[in-house]
Amino acid sequence: MKKIINGSDKVVEEMLQGMVKAHPEFIKRVENSNVLIRKDSPVKGKVALISGGGSGHEPSHGGFVGLGMLDGAVAGEVFTSPTPEEVYKGIKAVNGGKGVLLIIKNYTGDVMNFEMAAEMAEMEGIKVEKVVVNDDVAMEDSTYTVGRRGIAGTVLVHKITGAAAERGLDLLEVKRVAEKAIENTRSMGMSLTPCVVPAAGKPSFEIGEDEMEIGLGIHGEPGTHKEKIKTANKITTILLDKIIKDMKLKNKEVAVLVNGLGGTPLMELYIVNREVHRILEDQGIKVYKTIVGNYMTSLEMAGISISLLELDEELKGFLDDRAYTPAFRQI
Amino acid sequence: MKKIINGSDKVVEEMLQGMVKAHPEFIKRVENSNVLIRKDSPVKGKVALISGGGSGHEPSHGGFVGLGMLDGAVAGEVFTSPTPEEVYKGIKAVNGGKGVLLIIKNYTGDVMNFEMAAEMAEMEGIKVEKVVVNDDVAMEDSTYTVGRRGIAGTVLVHKITGAAAERGLDLLEVKRVAEKAIENTRSMGMSLTPCVVPAAGKPSFEIGEDEMEIGLGIHGEPGTHKEKIKTANKITTILLDKIIKDMKLKNKEVAVLVNGLGGTPLMELYIVNREVHRILEDQGIKVYKTIVGNYMTSLEMAGISISLLELDEELKGFLDDRAYTPAFRQI
Amino acid sequence: MGDTSLLLEIVKNMSKNIIESKELLTELDRVIGDSDHGINMAKGFSAINDKLEEMEGKDWGCILKTVAMTLISTVGGASGPLYGTGFLRAATVVEGKKEIDKDDVVNMFDEAIKGIKMRGKSNRGDKTMLDALIPAYEALKLAYEEGQNSLKAFKRAEESALEGVEYTKTIIAKKGRASYLGERSLGHQDPGATSSYIIIKSITEILEKN
Amino acid sequence: MGDTSLLLEIVKNMSKNIIESKELLTELDRVIGDSDHGINMAKGFSAINDKLEEMEGKDWGCILKTVAMTLISTVGGASGPLYGTGFLRAATVVEGKKEIDKDDVVNMFDEAIKGIKMRGKSNRGDKTMLDALIPAYEALKLAYEEGQNSLKAFKRAEESALEGVEYTKTIIAKKGRASYLGERSLGHQDPGATSSYIIIKSITEILEKN
Ligand SMILES: Nc1ncnc2c1ncn2[C@@H]1O[C@H](COP(=O)(O)OP(=O)(O)O)[C@@H](O)[C@H]1O
Ligand SMILES: Nc1ncnc2c1ncn2[C@@H]1O[C@H](COP(=O)(O)OP(=O)(O)O)[C@@H](O)[C@H]1O
Ligand SMILES: [Mg+2]
Ligand SMILES: [Mg+2]
Ligand SMILES: [Mg+2]
Ligand SMILES: [Mg+2]
């Protein structure tokens with residue numbers, strides 16, 4: 001395991017300290033917690049947004065705390081959802097009186113821990129609502145399963161929902177917008193390499209020199225299957241086909257997120273983005289906005305995910321709104 | 001070699017296409033060239049800045065084309081400086097009448113090709129000046145050698161110089177500011193893994209499972225020496241010590257850039273940043289601004305570099321100015 | 001079945017066994033999950049270990065509640081709230097009690113499983129901890145009904161739990177992270193079922209000693 | 001020494017040999033540089049290959065200028081401008097000539113080296129292409145002075161170039177990327193010196209055939 005760390009038990013704590021040192025103009029830390037919140041929290045008269053989950057997805061979620069996106073991000077251990085207590089501390093710290101919306105990625109652990117935190121906060125009279133992001137089309141969305149995972153599309157949900165909250169909409173309206181964004185977002189990922197959870201010290205899965213893993217989540221779990229490694233264009237086609245089949249996009253407008261999983265150079269993301277645009281154009285789908293970079297990572301994993309967000313006039317407005325956070329800035 | 005590409009001979013072309021598709025509001029491409037320029041180029045009444053070099057350092061340099069930074073970026077093949085002709089095309093495309101400043105990283109190839117381009121442009125009556133960035137303290141700066149390399153500190157030079165140009169200073173003034181920024185910038189890097197030049201298909205150097213390479217450049221060249229891998233804090237100390245020894249920073253203010261080489265997760269960069277701040281505080285050096293992320297990469301190499309820029313009132317002003325580019329945004 | 005000093009011994013033994021199994025559980029989770037089950041569980045039970053003194057002299061309900069809250073507030077992940085809820089529900093059955101009997105044991109176990117099912121929206125056959133816990137519970141109940149003593153009953157429960165662990169190898173995961181693997185989860189044993197087996201075994205070991 | 005059809009044959013052979021050495025040169029550059037020398041050179045000489053027809057019937061100066069400009073405008077890196085400048089300087093010596101003699105050859109070689117030294121701010125002993133080119137030039141000049149024919153003279157030049165390549169293994173790089181390695185560049189042969197040797201060998205081979 002080659003990592004620039006001081007010890008596997010210290011990574012989250014030291015990372016959070018390093019983040020605050022890097023971005024003091026954006027974020028501060030809630031005392032005795034792994035919660036990062038907006039410098040100006042609690043913001044009065046604004047619905048507050050909290051997201052979070054296991055660490056190892058940086059810049060998610062702390063990097064999106066700031067104007068026009070999140071009010072708080074709760075960090076668990078690497079790939080482990082934070083405890084209810086931590087989430088509860090976050091809720092209390094950001095609540096500006098208009099209620100708090102929890103943006104949860106659909107993982108059993110995240111859902112349960114955030115739910116328990118919401119129950120705790122509600123007992124104190126804080127209005128809390130929840131939405132669960134489940135953008136990953138790699139798996140069937142059946143009632144017999146836990147449903148789809150939340151992956152990189154979550155960042156688009158943060159952006160849209162953050163804009164709605166920043167405009168001053170009330171809790172249920174913000175929740176409605178979040179649900180619409182979730183409903184309109186689909187993603188799928190692949191990887192060339194596993195990642196190594198620091199405390200585990202071993203690659204999260206085995207993979208051959210000529211293989212790639214398709215349809216995998218963001219916690220180093222193996223994907224739905226392995227394939228022989230293919231060209232960037234073929235990979236893009238595999239992912240995008242599955243996404244597009246799950247939506248009705250003909251003559252629609254979309255936002256595109258080409259996301260790196262941590263170890264993939266920007267060069268490769270741009271090469272993928274080129275083919276994404278070619279395919280969408282080919283199918284009569286118009287790209288309204290493109291985002292390319294490492295937004296939802298799995299430690300040092302080499303791989304990508306592609307997300308599409310179907311837009312209407314309302315969502316376009318929110319997408320265009322200002323955002324100013326450590327990892328997402330737009331004027 | 002595991003890469004998401006379509007063929008090693010197509011990476012630069014396809015990447016440039018993907019970049020333009022991703023950032024149409026910032027950049028456009030000069031026809032029949034590998035040059036990206038500001039959407040509103042040539043900007044009248046402003047000194048234009050051109051940088052560039054081999055590809056594989058993304059987001060450098062195309063990602064810094066935009067308001068308050070570069071006017072144009074010239075991309076060579078991976079790790080190979082662009083030809084004089086390409087640079088010349090860039091110069092012609094951005095020249096707004098107030099002259100053009102070339103920001104060159106100190107590599108034999110870059111210096112020669114940019115110089116030849118400058119000669120070509122001057123023959124056409126375009127005022128061209130050059131500065132050469134040499135921030136890498138890994139090597140001795142002796143007159144018998146080619147001098148220090150230009151590495152990640154170049155991004156800080158882009159920011160400062162871009163602000164000076166944006167304010168409307170004239171060519172020689174902008175050049176003076178650039179030289180001051182260069183004079184005040186020092187960097188040093190290390191890595192855990194080599195990188196693979198697509199066309200070569202092999203790791204750029206061999207390294208053991210428990211080794212790291214110290215003092216290396218950004219083209220996959222081996223460093224000054226190998227060491228047993230150490231903790232993040234020790235690594236930070238090794239790099240920062242060498243940088244600080246080369247400057248006189250006691251009671252001074254600095255800007256910090258903790259740069260990832262492409263394959264290192266943000267988590268590790270923040271852990272390093274924590275220790276950078278601790279050491280600087282310890283030595284009575286004040287951090288005015290911190291930048292953490294992948295700014296000057298070496299393909300998928302896992303590693304980091306640290307840069308310090310010594311500030312005075314003038315440089316602080318330029319550092320604080322607005323910049324709005326694909327990869328660097330600040331309001 | 002016994003007094004609270006027995007319970008404290010059991011809790012201590014659970015902690016020891018779980019902490020010792022940290023690598024095994026993590027490795028199992030690496031194959032079909034995200035490589036953290038052992039880390040998570042060891043973290044929780046280390047925290048419980050630190051509270052052993054403070055639990056001394058307390059009643060069954062109080063001790064189990066401390067175990068539950070410690071798991072909930074230190075573990076995170078899926079296993080934290082699930083085991084936490086299980087222990088919390090068990091605690092409600094024996095609130096204020098210094099001594100408990102066989103019926104209490106059966107009811108505690110039953111409540112714990114109900115709590116986990118509710119919290120996890122899961123059931124037997126989903127390839128989770130429930131596939132160890134439910135057969136263990138059934139074996140225990142049957143043994144008691146057949147008039148066996150607690151040691152015998154827990155021995156049977158332990159055996160059934162182990163069978164349950166083996167059974168998880170033969171099924172496709174429907175809940176938890178392993179469910180994302182689909183067919184690829186076949187052939188691998190569930191980490192949570194394994195930790196459940198270890199927890200039950202920890203009880204048997206102490207009953208054996210006493 | 002010969003007419004322009006000889007020159008075209010030589011240029012064609014250089015292209016062939018350089019393209020065939022693409023991997024060797026890249027591998028040498030991987031060890032002490034940035035893994036691209038073979039790629040760079042092959043790119044340049046492929047482009048030259050594409051211009052062979054258009055060069056037909058032109059004079060020596062014109063052909064060498066085309067070679068030079070093609071290298072400058074396609075190779076990039078350090079080797080592009082260096083070889084480009086070398087060929088460009090050589091071209092100026094033989095401007096307008098359809099036939100050249102021994103003196104022309106010596107002068108061309110001399111000018112090429114001066115150009116490379118000027119452009120690269122480098123000299124013999126820096127572990128660069130000059131460590132192959134300069135000894136080759138000296139051997140060639142001496143051979144001509146001794147009254148040898150061009151084939152013999154180039155044979156000697158080729159031998160000296162090869163010795164120069166070997167010599168680069170024994171010295172520390174002072175110019176180019178390899179210089180960043182300091183002592184670690186010892187023991188490895190310089191890619192540029194190697195490509196220079198290949199270029200000279202390409203001339204000998206054609207002289208041999210004619
Ligand atoms: N919905 C559920 N119901 C019951 N048990 C579950 C459920 N989801 C997961 N588990 C159990 O939790 C175990 C994984 O725990 P752990 O690795 O600590 O959490 P995470 O999956 O969040 O990383 C699984 O092996 C399984 O036994
Ligand atoms: N200043 C210089 N003078 C002469 N030759 C040089 C100089 N710098 C580099 N070279 C030659 O160029 C070769 C490297 O060329 P190449 O790999 O194509 O360019 P780059 O170093 O830009 O990647 C070296 O092996 C060396 O022979
Ligand atoms: Mg987990
Ligand atoms: Mg090169
Ligand atoms: Mg797990
Ligand atoms: Mg090279």
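We name chains A, B, ... by the order of the sequence lines, and we start the count at 1 in each one.
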Segment of [X] engaging chain B (4.5 angstrom heavy-atom cut-off):
X: A:E209; result: both
X: A:H23; result: side chain
X: A:I229; result: side chain
X: A:A302; result: neither
X: A:V11; result: both
X: A:M190; result: side chain

Handout entry: Option that, when pairs with chain A are counted at under 4.5 Å, heavy atom only, ranks first among B:N233, B:L266, B:I331
Key = B:I331
Completion exercise
Most heavy-atom pairs under 4.5 Å with chain A, out of B:G262, B:A22, B:S298, B:S55, belong to B:A22
Exercise for the section: Spell out, as yes or no, whether a donor-acceptor pair under 3.5 Å connects the side chain of A:E58 to the backbone of A:G63. Expected result: no
Handout entry: Under 3.5 Å side-chain donor-acceptor pair for B:H277 and B:T290
Key =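 Yes, a side-chain donor-acceptor pair sits under 3.5 Å.
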Chain A contact via [X] - side chain, backbone, both or neither, heavy atoms under 4.5 Å:
X: B:V78; answer: side chain
X: B:Q330; answer: both
X: B:I5; answer: both

Problem - Closest non-hydrogen atom pair between A:C195 and A:L299, with its separation - result: CB-CB, 4.0 Å
Problem - Residue among B:E14, B:K21, B:M19, B:M15 satisfying side chain to side chain contact (heavy atoms under 4.5 Å, CB included) with A:R274 - result: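 Among B:E14, B:K21, B:M19, B:M15, the one that satisfies the side chain to side chain contact (heavy atoms under 4.5 Å, CB included) with A:R274 is B:E14.
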Problem - Salt bridge flag under 4.0 Å for residues A:E13 and A:K10 - result: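 Here A:E13 does not pair with A:K10 in a salt bridge, since their nearest N and O are not under 4.0 Å apart.
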Practice task
Determine, for B:E25 against B:R329, whether the closest basic-nitrogen to carboxylate-oxygen distance falls under 4.0 angstrom.
Solution key: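 Answer for the salt bridge query: no.
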Practice task
Start with the C-alpha gap between B:K3 and B:E300, add the side-chain angles, then the distance that decides, and say whether salt bridge (charged side-chain N to carboxylate O under 4.0 Å, His left out) holds.
Solution key: CA-CA 9 Å; B:K3 288 184 187 288; B:E300 71 283 352; 2.8 Å; yes
